[in-house]
Each structure stands twice: as structure tokens, then as C-alpha cells.
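Here the structure is a predicted model, which means the values were calculated and not measured.
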Amino acid sequence: MAAGYAELLGTRHAARLLAGTLVGRLPNATAPIAIMLFTRAEGGSYTLGGALAAVYGVSNAVGQPLLGRAVDLKGQPRVQLPAAFLSALGVLLLCLSGIEHLVLAYVAVVVAGLFTPPLEGGLRALWPSVLGDEDKVHRAYAMDAVAQEIMFTVGPLLVTVLVSLWSPAAALLVINGIGVLGALSVVVSEPSRKWRSAPREAHWLGALRSPGLLALLGSFFFVGVALGSITVAGVAYGDDHGKAWVYGVLMAALGLGALVGGLVYGARQWAGAPEPRLVVIVALLAAGYLPLLLTPGVVAMTVLAGVAGVFLAPALACAFIVVDRHAPRGTVTEAFSWLVTTFGVGSAVGTGVAGPAVELGGTAASFGVAAVGGVLALLVLVATRRVLRVPQVRGSAVNIVGTSENDRIGEVEPGFSSGHQA
């Protein structure tokens with residue numbers, strides 16, 4: 001298991017790109033809880049905190065595909081770094097304005113979310129040119145999902161530590177400053193500077209003209225709803241038990257479970273098409289959310305949170321492969337960004353719904369939002385299984401440095417193309 005990931009990280013540029021992307025995505029990964037804690041510290045309600053986090057999520061969802069398409073057209077450095085700076089400026093505005101002036105607060109989170117750089121889609125677009133082998137790229141998707149769970153494990157803990165040492169405002173500023181440095185590390189690297197998207201067919205829908213991609217996005221909207229609601233539910237659960245650190249422990253357990261699941265998933269070769277496998281994984285993911293409704297004591301709840309996270313990273317890793325198979329040629333950054341967007345919109349909806357759910361029905365009701373989200377994600381995949389069965393858009397190829405694209409077409413599975421080196 002470890003040897004396979006070590007081989008990938010030993011490839012030139014791979015470790016730097018993965019680390020830089022993870023660090024660059026830290027502000028986005030921690031934004032919901034950081035905004036919630038900031039709002040509560042300023043005297044705001046759960047509903048207001050959930051609303052601000054939801055607006056951030058929706059703004060992020062709008063910006064990701066737009067910035068992703070810009071990356072496909074203009075390259076990574078000309079889009080990613082300016083976006084990172086603008087997003088950080090939005091966070092600075094939020095910290096300066098507080099929640100006393102709500103209009104400024106909402107403007108700040110809109111700017112912060114809208115200009116979040118599409119580093120996640122950008123990394124997955126870079127893997128083929130860096131690794132040059134389809135099996136390695138699929139393993140890299142699993143490694144990416146595992147590393148993402150490390151970030152989601154460390155991120156909430158880091159926020160908690162910074163809040164304890166300083167304040168929620170300081171946590172927001174420090175994390176966003178670190179995020180800019182991560183984005184800078186990626187865009188000055190050779191693969192990022194030289195990467196160009198494969199030629200694309202002009203179409204106003206871009207990646208969204210793929211029916212299979214639309215089906216996947218519909219499912220992962222509800223996965224996002226589940227995870228977004230858990231953010232608020234975890235804070236409420238911690239408040240119920242009078243211990244501020246409980247939230248961080250629950251989120252860390254959720255991330256740790258996903259980390260273990262991702263490591264196991266990525267350690268083996270999977271036969272057959274990924275689409276039917278994704279249905280099974282999402283079914284298991286949905287089943288893991290149901291016991292959270294019990295809201296037992298802290299120890300038992302931590303165990304349940306860990307179990308609930310086990311199938312998250314496998315679901316993401318499998319979804320990355322499905323996106324790669326269904327993305328129209330020349331739209332891969334945009335397609336991956338749409339996945340981030342849909343996930344973000346779902347998370348924002350989950351966050352926004354869970355806030356009132358806490359106040360109307362208690363903590364268990366907010367965990368109920370997560371359970372419903374997981375079940376609906378499964379139902380979407382089941383209802384669209386025919387569309388997902390076979391990729392509708394074909395003709396992509398990997399272009400390795402020194403090999404002409406025409407020579408490579410047909411040598412890899414259709415749909416395996418994220419771009420090429422200039």
C-alpha cells in the first residue's frame with residue numbers, strides 16, 4: 001500500500017504539486033467552520049453563521065467552473081494566483097467589518113468564495129502530464145482523495161488551535177495567508193507553467209454537455225449536503241456537551257475514517273468500469289450517516305463519526321475517474337471544477353438547512369439532514385445508471401512530452417485526458 005504511494009510521490013514534481021495544492025485549498029476546506037466560529041464569537045446566531053457559510057459556499061460554487069474554464073483557456077498561473085490573492089482580500093474584509101455591518105460581511109464572503117482558485121481541478125488536470133501512465137493517474141486520484149482527508153482532519157484541528165491561541169479572526173487570516181503561499185508554490189512549478197488543455201470543441205455548455213457528468217454532479221450535490229450539515233451539527237453537538245474541543249475531535253474522526261478508507265481503496269487494482277462500483281460505495285456512505293442520528297456520548301459519537309467517514313475518500317476517488325471518463329475533450333479542469341462546484345453548493349445548502357434544523361429540532365435533526373443527503377445521493381445514481389454506464393464523450397488522449405498527440409490517440413482509454421505539456 002505505502003510502496004505504491006511512495007512511487008507516485010517519488011515522481012518528479014508530484015510531491016510538490018500535491019503538497020502545494022493541499023495547502024492552497026486549506027482556506028476553502030476550513031471556511032465553513034472558521035466562518036461559523038467567527039460569527040459565534042462576534043455574537044451572531046447559528047442561523048447567521050450558517051447563512052454566511054452558505055453564501056461563501058454558493059459563491060465558491062459559481063466561481064469554480066468559471067475559473068476552471070479560464071484555466072483551460074488561459075493556463076494555470078494567469079488564473080490561480082490572482083484568484084488566491086482576491087479570495088484572501090475578501091477574508092480580510094470580513095475580519096475588518098465583522099458582522100455589525102451585514103452587507104459588508106456578505107460582500108466579503110462572496111468575494112472570498114467567488115475567487116477561490118480551482119487548485120483541486122488543476123491538480124487532477126496535471127496528473128497525466130506528470131505521471132504519464134493511466135494506472136498511475138488513477139492511483140493518484142485515490143492518493144489525492146486520501147491527502148484531502150488528511151487536510152480535512154488537520155484543518156479543523158488547526159482552526160481550533162488558532163482560535164484557542166488567538167481568535168477566530170486570526171484563524172481566518174493565518175489560514176488564508178498560508179493558502180496563498182500554497183497556490184504560489186503550485187503555479188511557479190514547471191508542470192503548471194507548461195500545462196495546456198487539449199483542444200476543445202466550442203460549445204456554450206462546455207463540460208455540462210455530458211449527460212454522465214450531469215448525473216454524477218446531481219449525486220454529489222447531495223453528498224455535499226450531507227457533509228455541509230455535519231459541519232453545523234458537529235458544532236451544535238459540541239455545545240450540547242459544553243466542550244469546545246468536541247467539534248474538532250468529531251471532524252478529525254470523520255477525516256480519519258475517510259483516510260483509512262481511501263488508503264484501503266487505493267491499495268488495490270479494481271476490475272471493471274468505475275460507474276457501478278461508485279453506486280455501491282455511495283450506498284455504503286449513505287448507510288454510515290444514519291447512526292449519527294442517535295447522538296450518543298462523546299466517545300461513541302466519535303467512533304460513529306469515524307465509521308461515517310470510511311467511504312467518503314473512496315467515493316471521491318471513484319468519482320474522479322468517472323469525471324475523467326465523461327468529461328468532453330478539452331474541458332477537464334472545468335469538469336473537475338464543476339464537481340467541486342456541485343459539492344460546494346450541496347455543502348452550502350446543507351450548512352444553511354442544518355442551522356435552522358438545530359434551532360427547530362435540536363442536534364439530532366441537523367444530523368438527520370446528513371442522513372437524508374446520503375440517501376438522495378444514492379437514489380440519483382440508481383436513477384441515472386443507464387446514462388452513467390458508458391461515457392458519452394470520446395476521443396481524448398494523453399500527450400506526453402516529446403510525443404505527438406496524434407501518435408498517442410487510441411493508446412489509452414477514451415476519456416483519459418487532462419491536458420498536455422506545452
Side-chain angles (χ1 to χ4, degrees), residues 25-26 28-36 49-50 53-54 56-58 60-61 64 113 116 120 145-146 148-156 159 216-237 247-248 250-259 261-262 278 281-293 301 304-320 339-355 357-358 363 365-378 380-381:
R25 287 162 53 194
L26 189 61
N28 189 32
T30 59
I33 180 56
I35 290 173
M36 176 65 75
Y56 173 91
V58 171
N60 178 269
Q64 287 296 295
T116 298
E120 189 172 352
V146 168
Q148 178 171 290
E149 295 316 315
I150 295 176
M151 178 181 67
F152 277 100
T153 301
V154 174
V159 170
L216 179 71
L217 297 181
S219 175
F220 273 75
F221 166 83
F222 290 111
V223 176
V225 168
L227 288 181
S229 64
I230 287 176
T231 299
V232 177
V235 173
Y237 182 85
Y247 169 82
L250 290 183
M251 295 300 102
L254 193 74
L256 182 61
L259 171 63
L278 182 62
I281 295 173
V282 171
L284 294 171
L285 179 67
Y289 290 139
L290 295 175
L292 298 176
L293 288 164
M301 193 64 175
L304 291 180
V307 173
V310 166
F311 293 99
L312 178 59
L316 290 172
C318 194
F320 299 157
L339 181 62
V340 176
T341 285
T342 307
F343 201 83
V345 170
S347 181
V349 170
T351 301
V353 171
V358 171
T363 301
S366 58
F367 281 114
V369 177
V372 171
V375 171
L376 291 176
L378 173 61
V380 170
L381 288 181

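Residue Thr351 holds its OG1 atom at 9.5 Å from CG of Leu227, rounded to the nearest 0.5 Å. The OH atom of Tyr247 sits 4.0 Å away from the CD1 atom of Ile33 when rounded to the nearest 0.5 Å. Put simply, CG on Leu254 and CG on Leu259 are 11.5 Å apart, with the number rounded to the nearest 0.5 Å. Interatomic distance, Leu290 CG to Leu304 CG, rounded to the nearest 0.5 Å: 11.0 Å. Between atom CE of residue Met301 and atom OG1 of residue Thr363 there is a gap of 8.5 Å, rounded to the nearest 0.5 Å.
Residues Phe222 and Val349 are not in side-chain contact: their nearest non-hydrogen atoms beyond the backbone lie 4.5 Å or more apart. For the pair Val235 and Val358, the minimum side-chain heavy-atom distance is 4.5 Å or more. Annotation: side chain of Val380 is not in contact with side chain of Val282 (no heavy-atom distance under 4.5 Å). Residues Leu278 and Phe220 meet the side-chain proximity criterion, which asks for heavy atoms closer than 4.5 Å.
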Decide yes or no on side chain to side chain contact (heavy atoms under 4.5 Å, CB included) for Ile230 and Met251, but give the supporting numbers first. CA-CA 9 Å; Ile230 287 176; Met251 295 300 102; 3.4 Å; yes
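When all heavy atoms are compared, the tightest approach of Gly288 to Ala308 is O-CB, 3.4 Å. Taking every heavy atom of both residues into account, Gly373 and Val225 meet most closely at CA-CG1, 4.4 Å. In terms of heavy atoms, Gly374 sits closest to Tyr289 at CA-CD1, 4.2 Å. Pairing each heavy atom of Gln64 with each of Thr341, the nearest pair is CB-OG1, 3.1 Å. Residue Asn28 comes nearest to Pro32 through the heavy atom pair O-CD, 3.8 Å, listed as atom of the first residue, atom of the second, then distance. Between Phe311 and Ile281, the shortest heavy-atom distance links the atoms O-CG2, 3.6 Å.
Listed for the Thr342 side chain is no donor-acceptor partner under 3.5 Å among the backbone atoms of Leu339. Judged by distance alone, the side chain of Ser219 and the main-chain N or O of Ala377 form a donor-acceptor pair under 3.5 Å.
In this pair, Tyr237 and Phe367 present their aromatic rings perpendicular. The plane angle is above 60°, beyond the 30 to 60° band.
Only one option out of Val375, Leu376, Val369 pairs with Val372 in a side chain to side chain contact (heavy atoms under 4.5 Å, CB included); it is Leu376.
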